[in-house]
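What follows is a single structure, written as structure tokens, with notes after it.
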Amino acid sequence: MAHCGDSMWGSFVYSLVATDVCTGWTEAVPLLAREQNLVVAGLEAIARQLPFPVLGIDPDNDSVFINDTLTPYCADRGIEFTRSRAYRKNDQAWVEQKNGAVIRRFLGHERYSGRLAGQTIANLHGAMRLYVNYFQPSFKLMEKTRNGSAVIKRYSPPATPCDRVIRHQAVSAEAKMGLAERRATLDPVALLHTIREAQSALAAIVSPELRPTPRGESLERFLAKLPDRWREEHDPADREPRVKPPRHWRTRKDPFEGVWCEVLEWLQADPDASAMALLGRLQADHPDRFSRANLRTLQRRVQQWRGIMANKLVYAASETALSDPTGTPEMALTVGDPKC
């Protein structure tokens, strides 16, 4: 297991990532702060989601792992605790690879902060873990030999982590049956829809001033057009005209810079609050900054927020039909600093 998070100061949302070396099974939970007690809570949530027991933990040398909280935790549960060598980052190659191929691929490279972002990331991780572990095949390096300057690598056939767990001899028949039954109830297309909606919500949190643009081609429409896709590539007359993307950069200073996170917290506490009431609270807190001229901009942003959150990504992530009953950890939704 290794911690996915850069060494930066600030109240960012971090992802605690765990990868099984044998099968490639990957789990991730969001942490609202880099704190050792939260890491233990995250490990407990990951252990409940894994289809097999945890026998050992091998983190990097981050101080949130090497401390007097995680060591007794592993000793009490009979978990072997080791660590990587100093200044040898490649000792964590398995999980570092997942940081790029899974976490950064679905989450991006933005810096998120606050409880609102943590709740949305938890919903994204819940759908992402199901899609990656049950439906995304990958290669696994089995052997690497060097002959002079030539390096020969031998890989196993591509398989999903679920398939590798089912084929493993040490896994019980009951656990294998549970995995097969769980996979039969999942729809990869529906999971991709959930992932895309959560990513749109995160993009709105980072840049709330962006207007909602029409959604691109749906997955159903794309799959239905696959048989005729080759015709479009050979006949330019049948191709749809390109639409110039809307401008996304700012032409003036954001009037709500520095206070938008407060507005999001107010909306989360009272989703039915009007833009006029929110503007009144801003004028009370910042009497010399806001005026009636800012009302129309605030109305547009409130309308955008309600449209993005229409599917209850934040308030009802645990009630989503596609979510894993043990997927989204409760600790990621309830602990941490409520301020942005």
Side-chain angles (χ1 to χ4, degrees), residues 1-2 4 15-29 46-47 49-55 58 90 92-108 121 123-145 151-199 217-220 222-227 229-230 320-328:
M1 296 185 179
C4 173
S15 290
L16 180 66
V17 186
T19 299
D20 180 54
V21 177
C22 180
T23 63
W25 190 284
T26 301
E27 297 284 352
V29 295
I46 288 175
Q49 297 171 181
L50 289 172
F52 41 77
V54 178
L55 301 180
D58 182 35
N90 198 48
Q92 301 294 326
W94 296 280
V95 74
E96 293 294 345
Q97 187 267 339
K98 298 299 181 182
N99 287 343
V102 177
I103 300 300
R104 294 305 179 192
R105 178 187 174 190
F106 288 94
L107 198 58
I121 293 175
N123 184 70
L124 174 60
H125 283 341
M128 179 188 69
R129 64 175 295 271
L130 297 176
Y131 179 77
V132 170
N133 291 323
Y134 286 94
F135 299 106
Q136 191 175 71
S138 60
F139 288 97
K140 181 174 177 60
L141 181 63
M142 304 300 295
E143 183 182 3
K144 182 172 68 174
T145 58
V151 177
I152 301 175
K153 299 180 180 180
R154 185 174 63 87
Y155 294 88
S156 65
T160 64
C162 179
D163 291 331
R164 292 193 178 100
V165 174
I166 292 176
R167 292 199 300 260
H168 202 283
Q169 299 178 355
V171 180
S172 64
E174 182 181 357
K176 294 179 180 180
M177 184 179 301
L179 285 175
E181 293 175 354
R182 177 59 177 161
R183 181 169 56 183
T185 62
L186 298 175
D187 182 0
V189 177
L191 289 175
L192 286 176
H193 273 304
T194 303
I195 292 172
R196 291 173 63 184
E197 290 174 352
Q199 290 170 338
E217 187 178 36
S218 64
L219 288 177
E220 290 85 354
F222 174 78
L223 295 175
K225 293 174 62 177
L226 277 181
R229 185 69 69 175
W230 66 275
T320 305
L322 300 174
S323 296
D324 190 357
T326 60
T328 304

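It should be emphasised that the depicted structure is a prediction, and the values quoted were computed from it without experimental measurement. Along the sequence shown, residues carry numbers from 1.
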Worksheet entry | Any donor-acceptor pair under 3.5 Å from E27 side chain to R129 backbone | no
Worksheet entry | Side-chain touch C162/W25, heavy atoms, less than 4.5 angstrom | yes
Worksheet item: At their closest point, which heavy atom of Y155 faces which heavy atom of M142, and how far apart are they?
Response: C-CG, 4.0 Å
Discussion item. What I'd like to find out is whether the side chain of V151 reaches to under 4.5 Å of the side chain of T145, using heavy atoms alone.
Written reply: no
Worksheet, complete the sentence: Correct closest heavy-atom pair for L191 and F135 would be CD1-CE1, 3.9 Å
Discussion item. Keeping Q92 on the side-chain end and D58 on the backbone end, is there a donor-acceptor pair under 3.5 Å?
Written reply: yes
Practice prompt. Give a yes or no on whether the backbone of A18 and the side-chain of K98 come within a donor-acceptor separation of less than 3.5 Å.
Written response: no
Worksheet item: Does a side-chain heavy-atom distance below 4.5 Å link L130 with R182?
Response: yes
Practice prompt. Flag the pair T185 / E181 as yes when at least one side-chain heavy-atom distance between them is below 4.5 Å, and no otherwise.
Written response: no
Worksheet item: Which atom pair, heavy atoms only, marks the closest approach of P158 to F139?
Response: CD-CE2, 3.6 Å
Worksheet item: How long is the span from the CD atom in Q49 to the CG atom in N133, to the nearest 0.5 Å?
Response: 9.5 Å
Item to complete: Kindly compute the distance separating CD (Q199) from CD1 (I121), expressed to the nearest 0.5 Å.
Response: 11.5 Å
Worksheet entry | Pairwise distance CG(L186) to OH(Y131) - rounded to 0.5 angstrom | 12.5 Å
Discussion item. Under a 3.5 Å threshold, yes or no: a donor from one side chain and an acceptor from the other, between S15 and H125?
Written reply: yes
Worksheet item: Rounded to the nearest 0.5 Å, what separation is found between the CG atom of D163 and the OH atom of Y134?
Response: 11.0 Å
Worksheet item: Which atoms form the tightest heavy-atom contact between K176 and R167, and what is the distance?
Response: NZ-C, 4.5 Å
Worksheet item: Just wondering, do T160 and R183 contact through their side chains at under 4.5 Å, heavy atoms?
Response: yes
Discussion item. For a quick test of reading the model, state the closest non-hydrogen atom pair linking A180 to I166 and the distance between them.
Written reply: N-CD1, 4.5 Å
Practice prompt. For a side chain to side chain contact (heavy atoms under 4.5 Å, CB included) with R164, tell me which candidate from S138, C22, P137 qualifies.
Written response: S138
Worksheet item: Is the number of heavy atoms from other residues, nucleotides or ligands under 6.0 Å of E143 CD greater than 12?
Response: yes
Worksheet, complete the sentence: Tested for side-chain hydrogen bond (donor to acceptor under 3.5 Å, both in side chains) against T23, the lone hit among T26, D20, T19 is D20
Item to complete: Taking all heavy atoms of P51 and all of A175, pick out the closest pair and write down the distance.
Response: O-CB, 4.0 Å
